[in-house]
There are 2 protein chains.
Amino acid sequence: MGAVPRSAVTPPAAAPAPAGKRVRARRGEGERLREEILDATIELIVAEGSADRVSTRAVARKVGCTPPALYLHFPDKASLIYAACDRQFDKLGAVLHEAMDDIDDPIERLRAASLAYVHFALDHPEEYRVMMLDLSPSSMYEATLEEMAASPGFDAIVETVRDGIERGIFKPVDPMVAALMMWAAIHGLVSLRLVKGGLALPDIEVLLESCLILELDGLRATDGPDTPVHSQP
Amino acid sequence: MGAVPRSAVTPPAAAPAPAGKRVRARRGEGERLREEILDATIELIVAEGSADRVSTRAVARKVGCTPPALYLHFPDKASLIYAACDRQFDKLGAVLHEAMDDIDDPIERLRAASLAYVHFALDHPEEYRVMMLDLSPSSMYEATLEEMAASPGFDAIVETVRDGIERGIFKPVDPMVAALMMWAAIHGLVSLRLVKGGLALPDIEVLLESCLILELDGLRATDGPDTPVHSQP
DNA sequence: TGTACATCAGTGAACGCGCGTTCACTGATGTAC
DNA sequence: TGTACATCAGTGAACGCGCGTTCACTGATGTAC
């Protein structure tokens, strides 16, 4: 697949806006700076497209404080980036829960969650990249399948599959594996779109619909006991 | 999905091996250094896990030449990284073609290609990351669907789907869209495995098998004219 | 109510480092005469 | 066959820069007496 890049390394980010001095927090309000730093970090990650390209000095500039002030709230740069990304996971989880709220039919719930997922990713491409495609921040998190199934957002997907099975709408597959397959397929679509931006792919919603038809059809109980989705022993 | 990283930024790569002086190429053999530089660049990208973290000086150290020598063969760092990554796409294409060689049944051809793809990715995780997950090198490549369908590796997938349709084994879907769906699903699986390394996912081959059953089943003509895969107007 | 003082929320200057790149140069080697 | 010389394949030193982080400090502010 000879995808040939045009420019291999992004330039080192032109001289950034000096950013006005911020007013010093009053006594007892020191945590305010922490929040401002996290906001600025996310914004810079978004602007640079990668956590690796965000410097602590740039964060301080954006906030309007001096570089050492960051060290009042975070022990080092790694912890700062970590904390900023962690926020985004919570945000995605909330978006998924909200999208599935008030929908009863499991199939429509999954469809709504998928759409919400795709839109979150495309509306926040750089955050999604940092959360899901960058090696640095999140790859080393260790979790069992059970812990993962309990994480906000994913929990609702797994629960919906389980619900569909109990109601006889879905085949009696492993809900965790089925949810994983859906996640992987949609994540695959979204990442191709995000990473291979120059590729003239068909409309993402058209692709998602094809994807959902495949996935949901494979889950549906109505077409017989064949075509199993393997469950994990 | 509260995947929480343990360390958000990889350390700046400990003092690298000094690497012995290389022997100067003889007259007329200047291109040898170019190849050595590309080899070293790939190796460093693999070692660092990201093109962004590879410096021209580190490449020169690894090759055993001085930094300015790189500029005899590449105008700047971006072009160097570009050239190194481009090589890997050719490699993946060759792997896919080889895997599909001598297999007649379209279903088995697709299965073999998928397996080869997954193994290439897992055997060369850092190269795959740079090729498929990094924003920097390849995201800006502009290609139409037609150009993409002609790229080595992907061409064989599309051709196999088309062949299956002609033989009446697959439904009369758009071969390009069907190939894209397969690519996206498998790419999604592989990237979750690569990026969320700490997640105790089920065995990748088990997941791939579930994925293939879903995808191939959706393609198969035998179960009627329903469950269409949308084609692009 | 007035004032001394501890603490909070930062600042300002500096550290040593590796980076991408340029510039002037040099030594070996093949070629022409 | 011998030698002058153009060229090839690099080298060595230096440039200015931004980085992450440390250190000693300072000024405003709330509190205790």
Side-chain angles (χ1 to χ4, degrees), chain A residues 7-37 40-41 44 48 50-82 84 136, chain B residues 7-37 40-41 44 48 50-82 84 136:
Chain A
S7 151
V9 162
T10 26
K21 294 259 172 227
R22 65 169 222 126
V23 277
R24 184 187 283 241
R26 310 190 51 170
R27 227 177 144 164
E29 294 174 0
E31 288 303 292
R32 220 190 62 206
L33 179 58
R34 187 190 153 88
E35 294 307 303
E36 291 177 31
I37 290 171
T41 304
L44 283 173
E48 296 298 323
S50 150
D52 261 346
R53 289 198 279 268
V54 172
S55 73
T56 56
R57 302 171 101 107
V59 171
R61 259 193 311 266
K62 179 150 207 114
V63 168
C65 66
T66 59
L70 305 195
Y71 292 84
L72 265 50
H73 298 281
F74 305 93
D76 51 24
K77 182 187 180 182
S79 311
L80 167 60
I81 300 288
Y82 155 80
S136 17
Chain B
S7 151
V9 163
T10 26
K21 294 259 173 226
R22 67 168 221 127
V23 277
R24 183 189 284 241
R26 310 190 51 174
R27 226 175 147 169
E29 294 173 0
E31 287 304 290
R32 221 190 62 207
L33 178 57
R34 187 190 154 88
E35 293 308 302
E36 289 176 35
I37 290 172
T41 304
L44 283 175
E48 296 298 324
S50 148
D52 261 346
R53 289 199 279 269
V54 172
S55 73
T56 56
R57 301 170 101 106
V59 170
R61 260 192 309 268
K62 179 147 206 117
V63 168
C65 66
T66 59
L70 305 195
Y71 292 85
L72 266 49
H73 296 281
F74 304 94
D76 52 25
K77 184 187 180 183
S79 310
L80 167 61
I81 301 287
Y82 155 79
S136 19

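Note that the structure is a prediction, hence the values are computed from the model and not measured.
Here the P atom of nucleotide dG18(C) and the CZ atom of Arg53(B) are 17 Å apart, to the nearest Å. Spacing between atom CZ of Arg57(A) and atom P of dC19(D) amounts to 7 Å, rounded to whole angstrom units. For Tyr71(A) and dA14(C), the OH to P distance is 19 Å, given to the nearest whole Å. The distance from atom NZ of Lys77(A) to atom P of dG18(D) is 15 Å, rounded to the nearest whole Å. Rounding to whole angstrom units, CZ of residue Arg24(A) and C1' of dA9(C) are separated by 5 Å. A straight line from CG of Leu70(A) to C1' of dG10(C) spans 12 Å, rounded to a whole angstrom. The nearest whole Å value for the distance from the CZ atom in Arg61(A) to the C1' atom in dG12(C) is 16 Å. When the C1' atom of dC19(C) is taken as reference, atom CG of Asp76(B) falls 15 Å away, rounded to whole Å.
Between dG10(C) and Arg22(A), a contact under 4.0 Å exists linking OP1 or OP2 to a side-chain N or O. Remark: Thr66(A) is not in phosphate contact with dG12(C), judged by side-chain N or O atoms under 4.0 Å from OP1 or OP2.
For the pair Arg22(B) and Leu33(B), the minimum side-chain heavy-atom distance is below 4.5 Å.
Using the Watson-Crick or G-U wobble rule with both distances under 3.5 Å, dC15(D) pairs with dG20(C). In this structure, dT1(C) makes no Watson-Crick or G-U wobble pair, since no nucleotide meets both defining distances under 3.5 angstrom. dT29(D) and dA6(C) make up a base pair, with Watson-Crick or G-U wobble contacts both under 3.5 Å.
Across all their heavy atoms, Lys62(A) and Ala40(A) have their closest contact at CG-CB, 3.8 Å. The two residues Ser50(B) and Val54(B) have their closest heavy-atom pair at O-CG2, 3.7 Å.
For the atom pair OG1 (Thr41(B)) and CG (Leu80(B)), the distance works out to 4.0 Å, reported to the nearest 0.5 Å. From Leu44(A), atom CG reaches atom CD1 of Ile37(A) across 12.0 Å, with rounding to the nearest 0.5 Å. Taking CZ of Arg57(A) as the reference point, atom OG1 of Thr66(A) lies at 10.5 Å (rounded to 0.5 Å).
Judged as a salt bridge (Lys or Arg N to Asp or Glu O under 4.0 Å), and not counting sequence neighbours, the contacts of Glu35(B) are Arg87(B).
Of all nucleotides listed (dT22(C), dG10(D), dG10(C)), dT22(C) comes nearest to the side chain of Pro68(B). For Ser55(B), the listed nucleotide lying nearest its side chain is dG20(C); candidates were dG20(D), dG20(C), dT11(D).
Residues of residues 26-34 of chain B having a heavy atom closer than 4.0 Å to DNA chain D, listed by number: Arg26(B), Arg27(B), Gly28(B), Glu29(B), Gly30(B), Leu33(B).
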